[in-house]
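Proteins come first, then strands; the chains are lettered A, B, ... in the order of their sequence lines, and each starts at number 1. Below, all heavy atoms of this structure are taken into account, side chains as well, without hydrogens, waters or symmetry copies.
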Number of protein chains: 2
Amino acid sequence: MTKANRGDLFDPQCPTRRLLDRIGTKWTSMAVKVLAEAAPDEVRFAELRRRMPGISQKMLSVTLQSLARDGLVARRVEPTVPPRVHYRLTELGLSLEGPLAALRHWAERHMSEIDRNNRLEDARSSAG
Amino acid sequence: MTKANRGDLFDPQCPTRRLLDRIGTKWTSMAVKVLAEAAPDEVRFAELRRRMPGISQKMLSVTLQSLARDGLVARRVEPTVPPRVHYRLTELGLSLEGPLAALRHWAERHMSEIDRNNRLEDARSSAG
DNA sequence: CCGTATCCGTAGGGATACTG
DNA sequence: CAGTATCCCTACGGATACGG
């Protein structure tokens, strides 16, 4: 690992910051999770949409394009009419699942405590 | 763990989505890292600012307030003139370092491959 | 069926100047 | 020194309509 890459979270090119810019977008972590659950099988566009309630057609398309561009997701088109498009995680995408799962685990265990802390602060500020 | 909390990344209240909304903001992961490196010692506001090049006074303040509100960071004011304010990670904050470090590690190992994939796509679109 | 284009509201976050 | 207030710009992302 080079010095420039080592740990400079300060560098705008910092890999961690740039990774978070990706998985921090609203639907990305969800898409990775759904595809990871299906892996190694592919999932069709419409099926993904059903498994991600609330997502718009546009945002699913944008999210998948971004993931495909990054090489985290592979896209396969069946040249039928109408076309069927299938998605699956690549090896790279699958390798991200571990760290993401760790984060999910932490969230599931600790977000309620964060909520409680926020409620305590609310009470404090309104009480004076 | 309740069913509602189980794994519904779909729920707008999904803990993972909400965690990412926090650590995904521009300076939060950086602040946690800097504080984690200093732990268990405290770090003063101005010192944090020096260790986070590029951050504005406003954003450092906002970021620390948010972390303090969540109970990830503890704030201690020395009532001197001028005041000195010290910050450190709480136990909760420290517990987040593990998952975050895993993500950083992945980023350091794999972001270059993501960059390469993007360059390949660029070449493809301009050539094709 | 799968995307793309357009329009637009909102929130993140930078620059700057001001208080205790 | 630490924090707040204001202004403003931009990008995310929702709704909707259209195209292959």
Side-chain angles (χ1 to χ4, degrees), chain A residues 9-12 14 17-31 34-35 42-70 73-88 121 124-125, chain B residues 9-12 14 17-31 34-35 42-70 73-88 121 125 128:
Chain A
L9 207 43
F10 321 124
D11 188 339
C14 158
R17 180 89 291 283
R18 294 175 56 238
L19 174 60
L20 284 169
D21 282 344
R22 288 153 202 269
I23 65 176
T25 60
K26 188 166 181 182
W27 301 100
T28 302
S29 62
M30 195 183 300
V34 168
L35 287 168
E42 297 175 319
V43 186
R44 290 184 56 188
F45 187 91
E47 177 63 21
L48 278 169
R49 214 182 157 187
R50 253 178 296 120
R51 296 190 194 182
M52 298 170 67
I55 196 171
S56 66
Q57 202 170 25
K58 171 191 164 183
M59 287 316 297
L60 181 53
S61 181
V62 165
T63 300
L64 290 169
Q65 274 176 36
S66 173
L67 286 168
R69 205 184 156 73
D70 287 343
V73 159
R75 188 174 181 271
R76 183 174 68 84
V77 182
E78 268 186 275
T80 55
V81 177
R84 294 165 176 224
V85 188
H86 306 258
Y87 296 89
R88 64 170 174 78
E121 294 293 327
R124 187 176 301 264
S125 63
Chain B
L9 208 42
F10 321 125
D11 187 341
C14 158
R17 180 90 289 286
R18 294 175 55 238
L19 174 61
L20 284 170
D21 282 344
R22 288 154 202 267
I23 65 175
T25 60
K26 188 166 182 184
W27 301 100
T28 303
S29 61
M30 194 183 300
V34 169
L35 288 168
E42 298 175 318
V43 186
R44 290 185 56 189
F45 187 91
E47 177 62 21
L48 278 170
R49 213 182 157 187
R50 254 178 295 119
R51 296 190 195 181
M52 297 170 67
I55 195 170
S56 66
Q57 204 170 22
K58 171 191 164 184
M59 287 316 297
L60 181 53
S61 181
V62 166
T63 302
L64 289 170
Q65 275 176 35
S66 173
L67 286 168
R69 204 183 155 73
D70 287 344
V73 159
R75 188 174 180 271
R76 182 173 68 84
V77 182
E78 266 187 275
T80 55
V81 177
R84 294 165 176 224
V85 187
H86 306 259
Y87 296 90
R88 64 171 174 78
E121 294 293 327
S125 62

Using the side chain to side chain contact (heavy atoms under 4.5 Å, CB included) rule, take B/Leu20 and A/Thr28 through it: C-alpha gap first, then chi angles, then the decisive distance, then the call.
CA-CA 11 Å; B/Leu20 284 170; A/Thr28 302; over 6 Å; no
Report the C-alpha separation of A/Arg75 and A/Val73 in whole Å, then their side-chain angles, then the decisive distance to 0.1 Å, and conclude whether the side chain to side chain contact (heavy atoms under 4.5 Å, CB included) test is met.
CA-CA 7 Å; A/Arg75 188 174 181 271; A/Val73 159; 5.5 Å; no
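Not one N or O on the side chain of A/Arg88 forms a donor-acceptor pair closer than 3.5 Å with the backbone of A/Leu35.
Applying side chain to side chain contact (heavy atoms under 4.5 Å, CB included) to A/Arg76 and the options A/His86, A/Arg44, A/Arg84 leaves one that passes, A/His86. Exactly one of B/Val62, B/Asp70, B/Leu64, B/Thr63 qualifies for a side chain to side chain contact (heavy atoms under 4.5 Å, CB included) with B/Ser66. That residue is B/Asp70.
One finds no side-chain N or O of A/Arg84 lying less than 4.0 angstrom from the OP1 or OP2 phosphate oxygen of C/dC2. Between C/dC2 and A/Tyr87, no contact under 4.0 Å exists linking OP1 or OP2 to a side-chain N or O. In terms of phosphate contacts, A/Ser61 brings a side-chain nitrogen or oxygen within less than 4.0 Å of OP1 or OP2 of C/dT4.
Place A/Gln65 and A/Pro82 on DNA chain C by their nearest nucleotides, and A/Pro82 ends up nearer the 5' end. For the pair A/Met59 and A/Pro83, both in contact range of DNA chain D, the more 5′-proximal nearest nucleotide belongs to A/Met59. Map B/Gly24 and A/Val77 each onto its nearest nucleotide of DNA chain C; the residue landing nearer the 5' end is A/Val77.
Comparing D/dA2, D/dG14, C/dT4 against the side chain of A/Trp27 picks out D/dG14 as the nearest. Relative to the side chain of B/Lys26, the nucleotides C/dG13, C/dC2, C/dG3 differ in distance, and C/dG13 lies closest.
For D/dG3, the base has no donor-acceptor partner in the side chain of B/Lys58 [N/O atoms by modelled type, under 3.5 angstrom].
Contact annotation for B/Gln57: base contact, defined as any heavy-atom pair under 4.0 Å involving a base atom. Across all strands, A/Thr80 comes closer than 4.0 Å to no nucleic acid atom at all (heavy-atom distances). A/Arg75 comes within contact range of the sugar-phosphate backbone alone, with a heavy-atom separation under 4.0 Å but no base atom that close.
Rounded to whole angstrom, the span from the CG atom of B/Asp21 across to the C1' atom of C/dT10 amounts to 14 Å. For A/Leu64 and C/dT4, the CG to P distance is 11 Å, given to the nearest whole Å. One atom, CD of A/Glu47, and another, P of C/dG3, lie 14 Å apart when rounded to the nearest Å.
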